Amino acid sequence: MRILLVEDDELLGDALKSGLSQQGYTVDWLKDGHVAELALLTETFDAVVLDLGLPKRSGLEVLKSTRQKGINTPIIILTAREGSEDKVFGLDAGADDYVSKPFDLKELYARIRALQRRAAGRAEPLIHYGEITLDPASHSVFREGKRINISPREFTLLYKLLESSGRVLSREQLSQALYGWDTEIDSNAVEVHVHNLRKKLGEDLIQTIRGVGYMIDRIV
Ligand code: CA
């Protein structure tokens, strides 16, 4: 899962980037509202963590223009303090949720998971798929109740494919979900992770759609 983090405070941004990365997210960090707006127009993210007080374009302006352009990526805003009106303006401008500074990182992680559930149309925290169960909170995967040993990248790839079940995801989309703007990627990385997941979870789970990408069928 790829997260766009927009925060101009170096210390907080650094803590958020490393914390979210440890949670298994791919994090792209930008520090002003103008570049964030451009990134949201041209790239695909699974969620956005958006500070409101930003240089060049405020978080509120970024929110408004993003929603006006029909981009419905889940957005959680960081507001300056408890009780401020920022959260009201932010929610009304199209934010899905907020946390007020200072906040507990665990609360932010839980809110991001909740947003992802809603975006995928789920209420149940665990993702069940046939004999496979994925738990986003503990980053664990079970097959017939038995815990499977998978790497953080494999987890991210499986999570992304399950949340998008019934849709084909291109190699490019999957690579972005796994690595963001990290340029040091082996071009076969996605194939290697898919190969490993098939070995661990069954050959039929992930389908290759030739010339397009990969998908997990929707369970009916
Ligand atoms: Ca700020």
Side-chain angles (χ1 to χ4, degrees), residues 1-120 136-137 139 152 156 159-160 163 173 175-185:
M1 294 281 160
R2 184 186 189 195
I3 291 189
L4 175 64
L5 167 65
V6 193
E7 171 59 73
D8 59 317
D9 184 294
E10 292 284 341
L11 273 180
L12 180 58
D14 207 41
L16 285 170
K17 180 165 182 177
S18 63
L20 287 165
S21 304
Q22 278 165 24
Q23 291 291 303
Y25 296 108
T26 303
V27 184
D28 290 311
W29 177 15
L30 296 175
K31 300 171 190 178
D32 81 60
H34 179 63
V35 290
E37 211 176 312
L38 292 177
L40 278 162
L41 274 181
T42 50
E43 308 258 336
T44 310
F45 300 95
D46 296 294
V48 183
V49 175
L50 177 68
D51 184 32
L52 289 186
L54 290 170
K56 299 193 182 165
R57 299 271 280 156
S58 76
L60 272 184
E61 288 173 309
V62 175
L63 258 178
K64 283 182 193 155
S65 77
T66 302
R67 293 309 189 215
Q68 273 162 12
K69 287 171 185 124
I71 297 162
N72 54 12
T73 308
I75 300 178
I76 183 159
I77 51 173
L78 307 179
T79 68
R81 59 187 176 276
E82 197 59 58
S84 81
E85 284 191 317
D86 285 354
K87 52 190 169 217
V88 176
F89 293 139
L91 291 169
D92 282 339
D96 299 278
D97 203 352
Y98 67 88
V99 287
S100 301
K101 295 178 190 174
F103 52 83
D104 182 352
L105 282 176
K106 283 189 196 143
E107 181 184 344
L108 177 67
Y109 304 153
R111 288 182 182 273
I112 291 171
R113 287 193 292 271
L115 284 188
Q116 290 183 319
R117 282 202 299 277
R118 267 179 259 154
H139 303 116
T156 301
Y159 190 6
K160 179 83 185 165
E163 287 283 46
Q173 283 172 309
S175 178
Q176 277 194 1
L178 286 175
Y179 300 102
W181 288 316
D182 193 345
T183 46
E184 309 282 308
I185 319 165

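Order of listing sets the numbers, starting from 1, for every ligand and every atom in it. If you read the sequence from its start, that first residue is 1, and numbering goes on from there. Here the structure is a predicted model, which means the values were calculated and not measured.
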_the Ca ion (ligand 1) contact by D9, N, O or S atom under 3.0 Å_ = no
_Between NZ on residue K64 and CZ on residue F89, distance to nearest 0.5 Å_ = 8.5 Å
*N, O or S atom within D51 nearest to the Ca ion (ligand 1), by name*: OD2
*asked:* Report whether any nitrogen, oxygen or sulfur of G53 sits less than 3.0 Å from the Ca ion (ligand 1) (N, O or S, backbone or side chain).
replied: yes
_If I take atom CG from residue N72 and atom CZ from residue R67, how far apart are they, to the nearest 0.5 angstrom?_
6.5 Å
*Which atom, counting only N, O or S, brings D8 closest to the Ca ion (ligand 1)?*
OD1
*Test log, rule side chain to side chain contact (heavy atoms under 4.5 Å, CB included), inputs L78 and F103*: CA-CA 9 Å; L78 307 179; F103 52 83; 3.8 Å; yes
*Sort out for me which residue in R117, R113, K160 forms a salt bridge (charged side-chain N to carboxylate O under 4.0 Å, His left out) with D46.*
K160
